[in-house]
Protein chains: 2
Amino acid sequence: MRNKQSRIKDIAKKAGVSTGTVDRVIHNRGEVSPSTRKKILAIINELDYQPNLLASTLASQKLHHFAVLIPAGSNHNPYWEAPLKGVIKAGEELKAYGVRLDIQTFSQNDINDFRQKGEVLLKNKPDGLLLAPVFFSESKKFLIKCQQHDLPLTFIDTQLDYKRSIRFIGQNSCQSGHVAARLLGMGNPKDASYLVFNITSEKDQLYHFTERYKGFKDYFLLRNLPVNISVHDIHTQGIEELVSILKIALNKNELIAGIFVTGSKVYRIARALKQLGIQNIRLLGFDLVPQNMELLEEEMIDFLISQQPEEQGYQGIQTLYSVIVQKQTVDPVKYSAIDIITRENISHYLNCS
Amino acid sequence: MRNKQSRIKDIAKKAGVSTGTVDRVIHNRGEVSPSTRKKILAIINELDYQPNLLASTLASQKLHHFAVLIPAGSNHNPYWEAPLKGVIKAGEELKAYGVRLDIQTFSQNDINDFRQKGEVLLKNKPDGLLLAPVFFSESKKFLIKCQQHDLPLTFIDTQLDYKRSIRFIGQNSCQSGHVAARLLGMGNPKDASYLVFNITSEKDQLYHFTERYKGFKDYFLLRNLPVNISVHDIHTQGIEELVSILKIALNKNELIAGIFVTGSKVYRIARALKQLGIQNIRLLGFDLVPQNMELLEEEMIDFLISQQPEEQGYQGIQTLYSVIVQKQTVDPVKYSAIDIITRENISHYLNCS
DNA sequence: TAAAGTGCCGTGTGCGCACACGAAGTTCAC
DNA sequence: GTGAACTTCGTGTGCGCACACGGCACTTTA
């Protein structure tokens, strides 16, 4: 048990060759006769040789260049600050391993910005890319260029078809809709009524919105619950439209048991409800952005569903490293946890360090 | 931006001394005149020198010895398999950094086993210890011996008073009781009735049970909800006692809105309910052990609250390393997230790799 | 004044590995 | 049978750091 890790030198001695030859075998650099190669491989296997990563990265002064292309966080939608934080954390950790990040964030409202930043990144010939392809068709075009560079990449948040895709890291949106349905539906009559709001200003997110709604609806369908769901798509910024829709819905005979907001703008519904003086309708939305956290604290929002965005950014970079540098293999899809946040457990989801 | 990390050699050249002198300053090994020392420190500051961890650990062939003393997982209570898994994972990662783990698990029913394993560990003079002090008074005695060795340690699961305590990693049990109350109480009438079960076979866990119950009760108190809570302490193994208690409770006039099990044995209540053919009572308990997961799947259990046990083990070891070896400082308490698990999101909490 | 002691510092070696360079041995053409 | 080309392998150096050793200048002691 106490025998130290075996080194290249040990293998060499045992095989009766020099360390250089062993090294050539390990790195498949040829110039080794088949017989000695076979002998050395056998010994490597026998000793269960694990290369010393420290010494290895220290000696090979290689630099690895990873590009990051994700939306910028804004006051209006600070969500993307979290993945960025994770990316930076991973970057710090991997700095000693010769990893250099080239991070570009683009405005969520500006397709041209996305295109420009993308081109800047590709110019530097990165060894890998972390991409959040929130603009669907523009991302498609961008991926064609990536293909030309034979650039391996990981997706976060949204997944697109790409030949050299290493991994998708993000939420199973349909399943998070299921969770939402359970939390909103719990304890309510079988034929309760629910409101669903898709509140969007940017073009992106549409995919997640529809998938979440699908999951929500299917939950009740699968259980044969004859619920009443009315969906509202909101594109305006003000609160007036929301207030009037809520007013109309509440004036109907049926009881509204819960409100499902398919994205992070749930705080706007909460404010509208506040304005109307309504407290007793269960409200659920997504993402731990400050506005939501505040209203969760006030109990105007009952549940938030989060997807560990910081972890996604972190894993995105770590995955690039372990696959591109360490040549490991990973599952092509990694779904993030669907965290259920209430006023009572929110504190544990804040400093994820 | 493209300047490489500065090295000891750079500092030496800039200060007009040799690398040996710089090294002596960095490691406070004396034998340096105050004036050159000051000069070197200034340059280190100016260049924002960060030692290359790879080279550093590679050169100093130090071995660090960490001991681990936690309960063994059993068929009866497999919970502790999870922290162990985390411990082992951290051990693998730190192997290259010269960390060696000495892991001892003890039977949860056998105080003597705990004592013996503890003595074995101390004999090897570890540099640090990860301890789960589930036996209260015996752990106290053990800590006195640790004190004599001036042994730094991290606690997981339960915290005790100890001078050289580095960190406690575990759940805020009171707060998890709050979460339980919200999930069980949601949508129920103000004066609903709840059953609470403390199911214990071992002596441990008592602390968590009472804290969780306290949090549960306080939730309703704080909101002035005149709920009706009846508590049952269970020490038997069979299902009969549970069935009869449930029968009696259900025959009363009041409606039972939810059942709160303060520990991981919630599956036993679920089985009793199943036997009685009762479906519509909300049931909540703790920990992702296989029995519970199965019944969550069947929707006999509505919620499980988990505390990231694998992460706790992992963090416990990582903390030892960063504090003892890397001389970093950490908060004395690190509460784990209070995960809310339902049938719909359980899959994301299984393979935490 | 020589010997012994002290403060301060430079040099050299090695950690395990990557990789360049060059030295043997072998094959082949003429 | 001689040189060229190729195959196969060993040696040496350096990555950034830790640490042992020894050396120089100066002071103290007899």
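The structure presented is a predicted model; accordingly, all values stated were derived computationally and were not measured. All chains are named by letter (A, B, ...) in the order of the sequence lines, taking the proteins before the strands, and each is independently numbered beginning at 1.
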Once ring pair (Phe, Tyr, Trp, His ring centres under 6.0 Å) is applied, do any residues pair with [X], and if so which ones, sequence neighbours excluded?
X	answer
B/Tyr49	none
B/Phe155	none
B/Tyr335	none
B/Phe66	none

Residues pairing under ring pair (Phe, Tyr, Trp, His ring centres under 6.0 Å) where one sits in residues 13-34 of chain B, two or more places apart or in two chains, turn out to be none
Of all heavy-atom pairs between A/Leu130 and A/Gly313, which one has the smallest distance, and what is that distance?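 Closest pair (atom of A/Leu130, atom of A/Gly313, distance): CD2-O, 4.2 Å.
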- [ ] Select from A/Glu31 and B/Glu31 the residue whose nearest nucleotide in DNA chain C is closer to the 5' end of that strand.
- [x]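 This one resolves to B/Glu31.
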Under the 3.5 angstrom rule, does the side chain of B/Asp127 hit a backbone N or O of B/His64 as a donor-acceptor pair? no
Using a strict 4.0 Å threshold on nitrogen-to-oxygen distance, state whether A/Lys141 and A/Glu138 make a salt bridge. yes
Terminal axes of the helix from C/dT1-D/dA30 to C/dC30-D/dG1 (5 end pairs apiece), angle rounded to 10 degrees, sit apart by 60°
Going 5' to 3' along DNA chain D, which nucleotides are the first and last within contact of chain A (any atom under 4.0 Å from a heavy atom)?
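The protein-touched segment is D/dT8 to D/dG16.
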For residues 20-36 of chain B, the salt bridge (charged side-chain N to carboxylate O under 4.0 Å, His left out) pairs (sequence neighbours left out) are B/Asp23-B/Arg29
| said: Below 4.0 angstrom, which residues in residues 16-24 of chain B have at least one non-hydrogen atom near DNA chain D? | reply: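 Going residue by residue through residues 16-24 of chain B, the ones with a heavy atom under 4.0 Å of DNA chain D turn out to be B/Asp23.
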| field | Of residues 321-328 of chain B, the positions that come close to DNA chain D - non-hydrogen atoms, cut-off under 4.0 Å | value |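 None, since no heavy atom is under 4.0 Å.
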Pairwise side-chain contact, B/Tyr321 with B/Val99, heavy-atom cut-off 4.5 Å (strictly under)
yes
Using a strict heavy-atom distance below 4.0 Å, which residues from residues 43-60 of chain B are in contact with DNA chain C?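 By residue number: B/Leu58, B/Ala59.
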### Message
Taking side-chain hydrogen bond (donor to acceptor under 3.5 Å, both in side chains) as the definition, give me every residue that meets it alongside B/Gln116, ordered by chain and number, with sequence neighbours left out.
### Response
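B/Gln116 satisfies side-chain hydrogen bond (donor to acceptor under 3.5 Å, both in side chains) with no other residue.
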